[in-house]
Amino acid sequence: MTDTLTPSVLVTRTPVRLEPDRSRVLAALFMPGEELPEDHSRATAVIERVLALPDDEVTATLADLTSRFAGRHRDLDAAFRQHFEVVASRLPPGAVPSDDQRRLIGAYFTEEASAEGAALTNPSMVEHPDQSGLEPGETRFVLSARAVGEGHTSVLEFRTGVAGSDLRISLDHPSGLLVAGWPGPTVYERDVFHAMLAELGQDDETAELVLGALGPQFDAVELAQAVASLDVQVLSRQAAQETVRRMAWVAANNYDVTFPEDTAIDERVLTPTGPTESNGIEDVRFVRFVDEDGSVVYYATYTAYDGSHVAPQLIATADFRRFRVHQLSGPAAKNKGMALFPRRIGGRYVALSRYDRESISLATSDDLWRWGAPTTVQSPELSWGLIQIGNCGSPIETPDGWLVLTHGVGPMRTYVIGASLLDLHDPSRVVATLPDPLLTPAPGERDGYVPNVVYSCGGMVHGEVLVLPYGFGDRAIGIALVDLPMLLDRMRSPARSHRGSHARSPLLVSDSGI
């Protein structure tokens, strides 16, 4: 599906394109009357109207819904039942609905949401956890993508594919219908609660009474029991009530999502679940993290957006079926664009941060949840990134240093992708910076939801090639191949690696497939 790299060409665009498919829909929860904050729920009235319908009309309506919608969803009946449970507390006193009434009530609180209705963009790519059954020289990958739907709400989708020994990139055709993850029981980290409550100014006596009665890890039942054990006099205080509310808020933002075993990765969708991400899960940067004991876990930092505020949060998974979501805290865990290094350095977790909204900084953590004061390593200096710079995914380890793909915002709000190299042992030290953009919007990529943008959330090394998925125009995804030895060689060149250099000698780029 793509041309191979040719001599003296640093970047080759492939013909691979992922355009949004508006027919890929989710059976999402719909609460009539709650579309706007100032509105009032009409749930009780809707339930009463459904219960008043004759039995034959209930049966006929369900049959019609099945005929028209079942083929668009993996298990529409299960969605109806789940959504009924969400509103079951609104049933009139003494009401005992039949099974058909329960399902139909759930249908009235269900809507189709086109996950990709507006865009499919901002991808990252990592090695698939299952590399079995491949030919020599092939690498199976998982590509994550930000899918944007109605109201500019973002969800997380996946695709899979193979990078061939001949550098051909093949994407698997999505195997089925979309399935939204459903939150389940989780194990909380006490340190996360302490850190988040401290940031909120609620790490007080009440918090200590509750958390002090719990172990390093605990579940929702244990948390509820610890709260219930508080003295009545303590709970009567307004400050204590606020602390308890804040603990419930933290609990809601730290959760697990598990998908059925018989679903494929490209069917699974992570949708906004916690309050901090109610308006979107944005710009997810996955990295295959290898710990000091050799264990592997896939981490992803992402931007949680609640409609007013943004915050970096963390996803952890071993198999892309079970996902655990955690909040992050500390001075470096601010704004957008955190990206984890693929291993510890000096025994500590390390991440790139854009806490100040315009520079690339470095931060460390002992426990993965709390991030200390960041150190700025790169500020806007080059003409194509004077407005702001940031990372385009997790650093990539090379013999020459940590390769960091960067994004820069320049005149006419044009986003381009650049590259920098950090010292392997001291990543706060910049070894080299490519003074020219590595990738800029091509003529066929300029238009979109947001014009003049190319942006990536992370690439994957395949042999001596960096496979770089990128969003363009904030609407669709392309894939480019970067000759890694050539890139490092150009960055090693003294004439081209000086920070702030304004020398210009255009990079050779092949635009095949555009």
Side-chain angles (χ1 to χ4, degrees), residues 9-13 118-119 121-123 146 148 152 154 282-283 285 303 305 310 334-339 352-361 376-393 403-422 430 432-459 466 468-480 482 487 490-491 493 495-511 514:
V9 173
L10 179 60
V11 181
T12 301
R13 281 175 165 90
T121 189
N122 297 1
R146 175 186 177 188
V148 185
H152 200 73
S154 300
E282 302 182 355
D283 302 345
R285 290 159 160 81
T303 299
Y305 177 51
V310 296
K334 298 289 184 289
N335 285 300
K336 300 183 177 185
M338 280 192 77
L352 298 176
S353 168
R354 193 162 67 86
Y355 79 103
D356 65 355
R357 300 183 64 189
E358 66 174 18
S359 304
I360 297 176
S361 300
T376 300
V377 297
Q378 275 191 295
S379 298
E381 294 180 355
L382 301 175
S383 61
W384 46 266
L386 288 181
I387 293 177
Q388 68 189 48
I389 60 173
N391 69 75
C392 273
L403 175 63
V404 179
L405 297 179
T406 63
H407 73 265
V409 184
M412 293 296 291
R413 202 195 175 202
T414 298
Y415 278 67
V416 302
I417 296 176
S420 294
L421 204 61
L422 308 180
V430 179
T433 300
L434 198 65
D436 303 288
L438 184 67
L439 200 69
T440 61
E445 300 171 339
R446 292 184 58 183
D447 299 327
Y449 188 79
V450 181
N452 305 308
V453 171
V454 287
Y455 190 91
S456 179
C457 289
L466 174 63
L468 178 61
Y470 63 96
F472 57 87
D474 262 20
R475 67 176 176 86
I477 293 170
I479 295 180
V482 180
L487 173 60
R490 294 196 181 193
M491 296 179 75
S493 171
R496 302 188 60 79
S497 63
H498 176 64
R499 292 186 68 197
S501 169
H502 293 279
R504 292 288 180 267
S505 55
L507 303 176
L508 294 174
V509 177
S510 167
D511 289 330
I514 299 300

Between [Y] and [X], is there a side-chain heavy-atom distance shorter than 4.5 Å?
{"X": "Trp384", "Y": "Thr414", "result": "no"}
{"X": "Leu434", "Y": "Leu438", "result": "yes"}
{"X": "Val416", "Y": "Pro441", "result": "yes"}

- May I ask you to say whether Asp283 pairs ionically with Lys336, meaning some side-chain N is under 4.0 Å from a carboxylate O? no
Heavy atoms only: give me the nearest [X]-[Y] pair and the separation to one decimal.
{"X": "Thr440", "Y": "Pro437", "result": "CG2-CB, 3.5 Å"}
{"X": "Thr121", "Y": "Phe472", "result": "OG1-N, 4.2 Å"}
{"X": "Ala419", "Y": "Leu487", "result": "CB-CD1, 4.4 Å"}
{"X": "Arg285", "Y": "Met338", "result": "CD-O, 3.2 Å"}

Do you see a donor-acceptor pair shorter than 3.5 Å between the side chains of [X] and [Y]?
{"X": "Asn452", "Y": "Arg446", "answer": "yes"}
{"X": "Gln378", "Y": "Ser420", "answer": "yes"}
{"X": "Arg146", "Y": "Tyr455", "answer": "no"}

- Message: Against Leu468, only a single residue in Leu405, Val454, Ile479 fulfils side-chain contact (heavy atoms from CB on, under 4.5 Å); can you say which?
- Response: Leu405
- Gly473 backbone acceptor or donor facing Asp447 side chain under 3.5 Å: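 Such a contact is absent between Asp447 side chain and Gly473 backbone.
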- Query: Short question: side chain of Arg475, backbone of Glu445 - any donor-acceptor pair under 3.5 Å?
  - Reply: no
